[in-house]
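Reckoned from all heavy atoms, side chains included, excluding hydrogens, waters and symmetry mates.
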Amino acid sequence: MRSEGFTFVEFVIVIIIVGILSIIAVPVYRSYIEKTKPTQDISDVKESAVENIPLKEFSGGVSSGNIPTASG
């Protein structure tokens, strides 16, 4: 007569499978994060610049009217 539930061997096999999957997944995730870091940095700088433009215009700093251009 077999009781309901998992045996110890089945439990150990599941733990081993989860361990193998995590050994594969963690380095892939870290490389993904490292690849996206420069893109995130550029996005952060652009967002910061957009947020600071009204402050510069209001305080008398650089505005779109007095930025030198290559043609002029």
Hydrophobic cluster membership, with links at side-chain heavy-atom distances under 4.5 Å among I/L/V/M/F/W/Y: are [X] and [Y] in one?
{"X": "Val18", "Y": "Phe6", "value": "no"}
{"X": "Leu21", "Y": "Ile13", "value": "yes"}
{"X": "Phe8", "Y": "Ile16", "value": "yes"}

(message) If I compare all heavy atoms of Pro27 with all of Ser22, which pair ends up nearest, and what's the gap?
(response) CD-O, 4.3 Å
(message) Looking at every non-hydrogen atom in both residues, tell me the closest pair between Val28 and Ile24 and how far apart they are.
(response) CG2-O, 3.4 Å
(request) Not counting sequence neighbours, list each pair that qualifies as a salt bridge (Lys or Arg N to Asp or Glu O under 4.0 Å) and has a residue in residues 28-43. (result)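 Pairs touching residues 28-43 that pass the test: Lys37-Asp41.
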(request) Quick one: name the residues clustered hydrophobically with Tyr32, using the 4.5 Å side-chain heavy-atom rule over I, L, V, M, F, W, Y, and just say none if it's on its own. (result)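 Answer for Tyr32: Tyr29, Ile33.
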